[in-house]
Enquirer: 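Dropping a structure here in structure tokens format, bear with me for questions.
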Protein chains: 2
Amino acid sequence: MQTSTRDRIVVTAARLLQRQGYVGTGIKQIAQEAQATLGSVYHFFPGGKEAVAVAAIEHSSQEFAALLQQALDSDPDPAAAVDACAGQLARELRESGWTDGCPVTAAALETLGTDSPIQQACAAALRAWEQQVAGKLLRCGFAAGDARDLAATVLAALEGAEVTAQVTRSAEPLRTVGRQLARLIRSYQAPDG
Amino acid sequence: MQTSTRDRIVVTAARLLQRQGYVGTGIKQIAQEAQATLGSVYHFFPGGKEAVAVAAIEHSSQEFAALLQQALDSDPDPAAAVDACAGQLARELRESGWTDGCPVTAAALETLGTDSPIQQACAAALRAWEQQVAGKLLRCGFAAGDARDLAATVLAALEGAEVTAQVTRSAEPLRTVGRQLARLIRSYQAPDG
DNA sequence: TGCTGAGTAGAGCGTTCGTTCTAGCGATGT
DNA sequence: ACATCGCTAGAACGAACGCTCTACTCAGCA
């Protein structure tokens with residue numbers, strides 16, 4: 001067995017959470033698709049379903065952070081990098097049949113009223129990704145305030161575009177938003193920025 | 001009894017769907033909170049839970065369309081109108097304790113893989129809202145292509161900002177995105193647009 | 001007075017949920 | 001050889017799920 005049972009549970013749970021949300025994903029389904037048994041799940045995660053979900057979200061958070069960093073580093077120009085990032089999201093979304101969107105949105109929306117650790121994990125993921133974008137902008141010479149505002153906008157727009165793309169089963173929203181975000185970023189680099 | 005039983009079911013289902021998603025909302029909960037009985041629900045909606053959800057989403061779609069139109073009409077300048085729209089969303093979100101976000105996102109994300117009527121209702125709602133924004137831009141003299149791209153970006157960004165605002169329990173993402181969207185729109189009105 | 005049909009009321013169906021439980025496996029240490 | 005321990009395996013629990021079903025109320029009408 002190449003991967004450990006625990007890892008298989010986390011990875012499987014992450015994928016299912018991404019596609020079906022928290023309530024829509026059952027512990028038994030996770031165990032079955034991870035080729036583990038119920039006993040194993042509760043052995044590694046005595047905290048039950050919620051603990052599995054938190055571990056899965058943290059896994060997804062780091063996994064996407066790596067992809068995001070790679071896309072941001074792909075071009076020295078931040079506007080082009082953000083556009084590339086949107087393109088990357090569009091490509092992966094299409095390849096997955098429009099099912100694998102943002103790995104935390106679905107779970108986050110379902111646990112909003114509560115102050116569950118799931119919600120906190122999702123918030124932490126969003127904050128970390130935003131920091132990555134802001135860091136790229138800072139390194140490119142943007143003012144701190146501009147970098148913060150732009151990073152928040154970039155992340156929100158990409159998030160929304162991904163949802164729209166999933167619902168309409170089209171890559172166009174992501175492509176369009178990528179172009180518009182690039183334009184917005186460049187507007188700060190213009191002479192009268 | 002002022003409102004009809006059917007209307008109470010639809011309105012209650014819409015609110016619950018918005019907050020808890022499709023899977024997280026039970027038929028019995030809808031019936032209870034709507035002060036109706038299970039028999040009444042299945043009397044008015046022989047299609048069961050799915051039919052209730054579709055009716056609720058269509059209701060939410062029209063309700064939000066009215067609010068959106070009102071915000072868009074509040075200012076002749078499209079950039080200011082979009083910013084006002086973001087502000088309006090931020091205000092309502094805070095007043096609801098960060099629970100009442102986009103009325104279709106949660107339900108849409110849960111039914112993505114499927115081709116259920118719920119997913120189609122959500123897609124129709126998004127398309128209708130985008131058309132409203134595009135219409136405003138067209139009326140303000142924007143080129144058709146620009147209006148379409150901007151409308152898609154505005155809607156995606158607002159959608160994403162609302163999710164971010166809900167997860168972080170802060171109005172700032174919506175305020176920031178509103179300002180940045182206004183800037184983006186104005187960049188098309190500049191002399192070298 | 002009795003019929004009809006819309007709407008109300010809720011018991012109960014089979015299924016699935018998250019969780020707990022006991023039993024057992026195989027590798028390791030002594 | 002034996003005990004220990006990490007892990008696997010799945011039966012079983014109570015609760016909740018969506019849905020079906022029968023019984024009931026009550027207004028309208030001849």
Side-chain angles (χ1 to χ4, degrees), chain A residues 1-57 106-107 109-111 113-119 121, chain B residues 1-57 106-107 109-111 113-119 121:
Chain A
M1 198 172 301
Q2 276 179 318
T3 61
S4 74
T5 301
R6 204 199 113 103
D7 285 352
R8 267 180 290 126
I9 292 171
V10 170
V11 171
T12 304
R15 191 183 63 240
L16 291 176
L17 245 53
Q18 181 181 34
R19 297 183 183 174
Q20 311 175 348
Y22 180 67
V23 193
T25 302
I27 283 272
K28 290 173 184 172
Q29 185 187 12
I30 294 173
Q32 186 179 336
E33 300 203 9
Q35 307 212 60
T37 62
L38 220 40
S40 302
V41 176
Y42 280 93
H43 170 75
F44 290 110
F45 300 95
K49 186 182 183 183
E50 197 175 55
V52 176
V54 169
I57 287 169
L109 284 180
E110 286 175 325
T111 56
T114 78
D115 54 350
S116 79
I118 297 177
Q119 212 252 339
Chain B
M1 199 172 301
Q2 275 179 320
T3 61
S4 75
T5 301
R6 205 199 113 104
D7 285 351
R8 267 181 290 127
I9 292 172
V10 171
V11 171
T12 303
R15 192 183 59 237
L16 292 176
L17 245 54
Q18 180 180 35
R19 298 184 181 172
Q20 312 176 347
Y22 180 67
V23 194
T25 302
I27 283 272
K28 288 175 183 171
Q29 185 188 13
I30 294 173
Q32 187 180 335
E33 299 202 10
Q35 306 212 61
T37 63
L38 216 44
S40 302
V41 176
Y42 280 95
H43 170 76
F44 289 111
F45 300 97
K49 186 183 182 181
E50 198 175 54
V52 176
V54 169
I57 287 169
L109 284 180
E110 286 175 326
T111 56
T114 77
D115 55 348
S116 79
I118 296 177
Q119 212 251 341

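A, B, ... follow the sequence lines: proteins, then strands. Residue 1 opens every chain. Note that the coordinates shown come from a computational prediction; the quantities given were computed from them, not determined experimentally.
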Enquirer: Any idea which heavy atoms bring B/E33 and B/R15 closest together, and the distance?
Expert: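 What the structure gives for the nearest pair is OE1-NH2, 3.4 Å.
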Enquirer: Could you tell me the separation between the NZ atom of A/K49 and the C1' atom of C/dT20, rounded to a whole number of Å?
Expert: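 A/K49 atom NZ is separated from C/dT20 atom C1' by 17 Å.
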Enquirer: Tell me the interatomic distance from A/I9, atom CD1, to D/dA9, atom P, rounded to whole angstroms.
Expert: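 So the CD1-P distance, A/I9 to D/dA9, works out to 11 Å.
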Enquirer: D/dT8, OP1 or OP2 - any side-chain N/O from A/T5 closer than 4.0 Å?
Expert: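 Answer is yes, contact under 4.0 Å.
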Enquirer: Using every non-hydrogen atom in the two residues, find where A/L17 and A/A106 come nearest and quote the distance to one decimal.
Expert: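 Scanning both residues, the minimum pair turns out to be O-CB, 4.0 Å.
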Enquirer: Mind running a 4.0 Å heavy-atom check of residues 12-28 of chain B against DNA chain D and sending the residues that fall below it, in number order?
Expert: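 Output list: B/T25, B/G26, B/I27, B/K28.
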Enquirer: Check whether any side-chain heavy atom of B/V10 sits under 4.5 Å from a side-chain heavy atom of B/F45, and report yes or no.
Expert: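 Answer yes - side chains close enough.
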Enquirer: From CZ of B/F45 over to P of D/dC19, roughly how many Å is that when rounded to an integer?
Expert: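 Distance check: B/F45 CZ to D/dC19 P gives 13 Å.
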Enquirer: So which atom in B/S116 and which in B/T111 form the shortest heavy-atom distance, rounded to 0.1 Å?
Expert: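 Smallest heavy-atom distance, with atoms named: OG-CB, 3.8 Å.
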Enquirer: Counting only heavy atoms not in B/E50, do more than 12 fall under 6.0 Å of its CD?
Expert: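 More than 12 heavy atoms, drawn from other residues, nucleotides or ligands, come within 6.0 Å of this atom.
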Enquirer: May I ask you to check whether over 12 heavy atoms, not counting those of A/Q29, lie within 6.0 Å of atom CD?
Expert: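 Counting other residues, nucleotides and ligands, CD of A/Q29 exceeds 12 neighbours.
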Enquirer: On a heavy-atom basis, which atom in A/I30 and which in A/T12 lie closest, and how many Å separate them?
Expert: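 For A/I30 and A/T12, the tightest heavy-atom pair comes out as O-CG2, 3.9 Å.
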Enquirer: Within residues 31-43 of chain B, which residues have any heavy atom lying less than 4.0 Å from an atom of DNA chain C?
Expert: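 B/T37, B/G39, B/S40, B/H43, in order of number.
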Enquirer: Considering non-hydrogen atoms only, spot the tightest contact between B/V41 and B/V52 and give its length.
Expert: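 Here B/V41 and B/V52 meet closest at CG1-CG2, 3.9 Å.
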